[in-house]
K.L.:
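Here you go, one structure.
Predicted model, so just to flag it, every value in this text is computed and none were measured. Order of listing sets the numbers, starting from 1, for every ligand and every atom in it.
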Amino acid sequence: MNKLEARILEDGVAESANILKVDSFINHQVDPKLMSEIGEEFANHFKDYGITKVVTIESSGIAPALMTAEKLGVPLVILKKQPSKILNQNLLQTEVTSFTKGNSYELTLNGKYVTEDDHVLILDDFLADGEAATGAIRLVRMAHATVAAIAILIEKSFQPGRGKLNEQGFEVYSLARVKELSEGVIKFIEE
Ligand code: 5GP
């Protein structure tokens, strides 16, 4: 069991068969030491992938993505969830359905910050249905950049996200793979 899995067992809250709360160390209060260790782990795994930028979705992916970018020595780009339709010729947008909130939002990227020369690592806190990651991939492609892989802190393996991304040919590297979730029960896939 790795450090993230151990911390999930200690401080994570299985709210239901679908939702895992990690508010005390990732989503609301953030543990910088754990984020730094996660950054180290991702940077180590992806060091030979030729990554030029780390791309995450605001807001919960920012802390681990920043640590990963720092350790890879590349910039971090944050995809914005703002509904902005401000006229800007560089603005790329795509619609994403939110798993947790049950609504849709526009994901926005200024094409100035990801270009055709970039090979991007997409990093997010959770993978569930794969909608957020797929939206991020669409935006990176709209910017004519390539996707190196998808890095995830917590994958809920009983949901179809990984399958959808693998089908499109993307590698998904998750630090914690939850195979079972119910009130008070959290079980991981042992690798
Ligand atoms: P997907 O788009 O893969 O269905 O869902 C991923 C997004 O939904 C993540 O960016 C994350 O913010 C949120 N999410 C999905 N499942 C959970 C969960 O069990 N707990 C929390 N805290 N967020 C989740």
Side-chain angles (χ1 to χ4, degrees), residues 3-31 34-35 38-39 42 54-69 76-83 93-109 120-142 147 149-189:
K3 278 195 177 164
L4 178 59
E5 289 172 332
R7 187 64 179 271
I8 291 167
L9 288 186
E10 205 176 302
D11 292 331
V13 180
E15 272 216 336
S16 63
N18 269 332
I19 298 286
L20 175 61
K21 287 269 214 179
V22 288
D23 282 357
S24 65
F25 57 106
I26 298 176
N27 284 157
H28 198 353
Q29 174 171 260
V30 180
D31 180 338
L34 181 66
M35 294 304 119
I38 286 170
F42 281 141
V54 176
V55 167
T56 193
I57 299 167
E58 68 176 358
S59 57
S60 298
I62 295 174
L66 179 65
M67 297 297 191
T68 305
L76 165 67
V77 177
I78 301 160
L79 302 180
K80 306 279 202 175
K81 284 180 178 167
Q82 67 205 5
Q93 287 190 311
T94 191
E95 193 175 295
V96 171
T97 308
S98 165
F99 171 82
T100 36
K101 299 197 178 80
N103 59 6
S104 293
Y105 58 89
E106 288 286 337
L107 210 53
T108 302
L109 166 67
V120 164
L121 177 66
I122 293 173
L123 192 154
D124 202 8
D125 58 344
F126 274 89
L127 177 64
D129 289 340
E131 291 297 323
T134 303
I137 291 167
R138 272 200 304 276
L139 274 187
V140 168
R141 287 185 156 168
M142 283 161 81
V147 175
I150 321 292
I152 298 291
L153 272 63
I154 306 169
E155 169 191 320
K156 292 185 294 178
S157 305
F158 51 88
Q159 290 183 249
R162 169 182 283 267
K164 282 190 201 167
L165 296 171
N166 286 162
E167 261 169 37
Q168 295 174 69
F170 296 110
E171 176 192 341
V172 177
Y173 180 58
S174 309
L175 298 184
R177 302 182 67 194
V178 179
K179 67 173 178 190
E180 201 186 318
L181 203 62
S182 56
E183 225 183 296
V185 178
I186 304 167
K187 286 190 185 152
F188 299 107
I189 293 178

K.L.:
Please confirm whether Gly130 approaches ligand 1 to less than 4.0 Å, judged on its heavy atoms.
P.N.:
yes
K.L.:
Can you tell me which portion of Asp124 lies within the under-4.0 Å heavy-atom range of ligand 1? Options are side chain, backbone, both, or neither.
P.N.:
side chain
K.L.:
Ignoring hydrogens, what is the shortest heavy-atom contact between Val96 and Gly135? Give both atom names and the distance.
P.N.:
CG2-CA, 3.8 Å
K.L.:
Please state which protein non-hydrogen atom is closest to atom 20 (N) of ligand 1 and give its distance, to 0.1 Å?
P.N.:
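Of the protein heavy atoms, Leu20 O, 2.8 Å lies nearest.
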K.L.:
Return the residue, atom name and 0.1 Å-rounded distance of the protein heavy atom closest to atom 4 (O) of ligand 1.
P.N.:
Asp129 N, 2.8 Å
K.L.:
Does only the side chain of Asp125 get under 4.0 Å from ligand 1, or the backbone, or both, or neither? Count heavy atoms.
P.N.:
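Side chain only.
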K.L.:
Any donor-acceptor pair under 3.5 Å linking the side chain of Gln159 with the backbone of Leu127?
P.N.:
no
K.L.:
Any heavy atom of Val96 sitting closer than 4.0 Å to ligand 1?
P.N.:
no
K.L.:
Checking the side chain of Arg141 only, and the main-chain atoms of Val147 only, is there a donor and an acceptor separated by less than 3.5 Å?
P.N.:
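Checked: no pair found.
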K.L.:
Side chain, backbone, both or neither: which applies to Lys156 and ligand 1 if a contact is any heavy-atom pair less than 4.0 Å apart?
P.N.:
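Side chain only.
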K.L.:
Please check if any side-chain donor atom of Ser157 sits under 3.5 Å from a side-chain acceptor atom of Glu155, or the reverse.
P.N.:
yes
K.L.:
Tell me if the NZ atom of Lys187 is crowded by more than 12 foreign heavy atoms within 6.0 Å.
P.N.:
no
K.L.:
Just to confirm my output: which protein heavy-atom neighbour is closest to atom 24 (C) of ligand 1, and how far is it?
P.N.:
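Answer for atom 24 (C) of ligand 1: Thr100 CG2, 3.3 Å.
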K.L.:
With a 4.0 Å cut-off on heavy atoms, is Val22 touching ligand 1?
P.N.:
no
K.L.:
For Asn18, counting its heavy atoms only, list the atoms of ligand 1 lying under 4.0 Å from any of them.
P.N.:
19 (O)
K.L.:
Identify, for atom 15 (C) of ligand 1, the protein heavy atom at the shortest distance, and state residue, atom and that distance.
P.N.:
Phe99 CD2, 3.4 Å
K.L.:
Tell me, which protein residue and heavy-atom name are nearest atom 22 (N) of ligand 1, and how many Å apart are they?
P.N.:
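In this structure, atom 22 (N) of ligand 1 has Asn27 OD1, 2.9 Å as its nearest protein heavy atom.
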K.L.:
Work out which heavy atom in Ala136 is nearest to a heavy atom in Leu107; give both atom names and the distance.
P.N.:
N-CD2, 4.0 Å
K.L.:
Quick one: do the Ser24 and Gln29 side chains pair a donor with an acceptor below 3.5 Å?
P.N.:
no
K.L.:
Mark yes or no for whether Lys156, through its side chain, and Asn18, through its backbone, hold a donor-acceptor pair below 3.5 Å.
P.N.:
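Confirmed, Lys156 side chain pairs with Asn18 backbone.
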K.L.:
Which residue holds the protein heavy atom closest to atom 6 (C) of ligand 1, what is that atom called, and what is the gap in Å?
P.N.:
Phe126 O, 3.5 Å
K.L.:
Between Val55 and Leu109, is any pair of side-chain heavy atoms under 4.5 Å apart?
P.N.:
no
K.L.:
Please check whether Ala132 reaches ligand 1 - meaning an N/O of the residue sits under 3.5 Å from an N/O of the ligand, judged on distance alone.
P.N.:
yes
K.L.:
Where the side chain of Lys81 meets the backbone of Ile57, is there a donor-acceptor pair that is under 3.5 Å apart?
P.N.:
no
K.L.:
Could you tell me whether Ile154 approaches ligand 1 through its side chain, its backbone, both or neither, with non-hydrogen atoms closer than 4.0 Å?
P.N.:
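Neither; no heavy atom under 4.0 Å.
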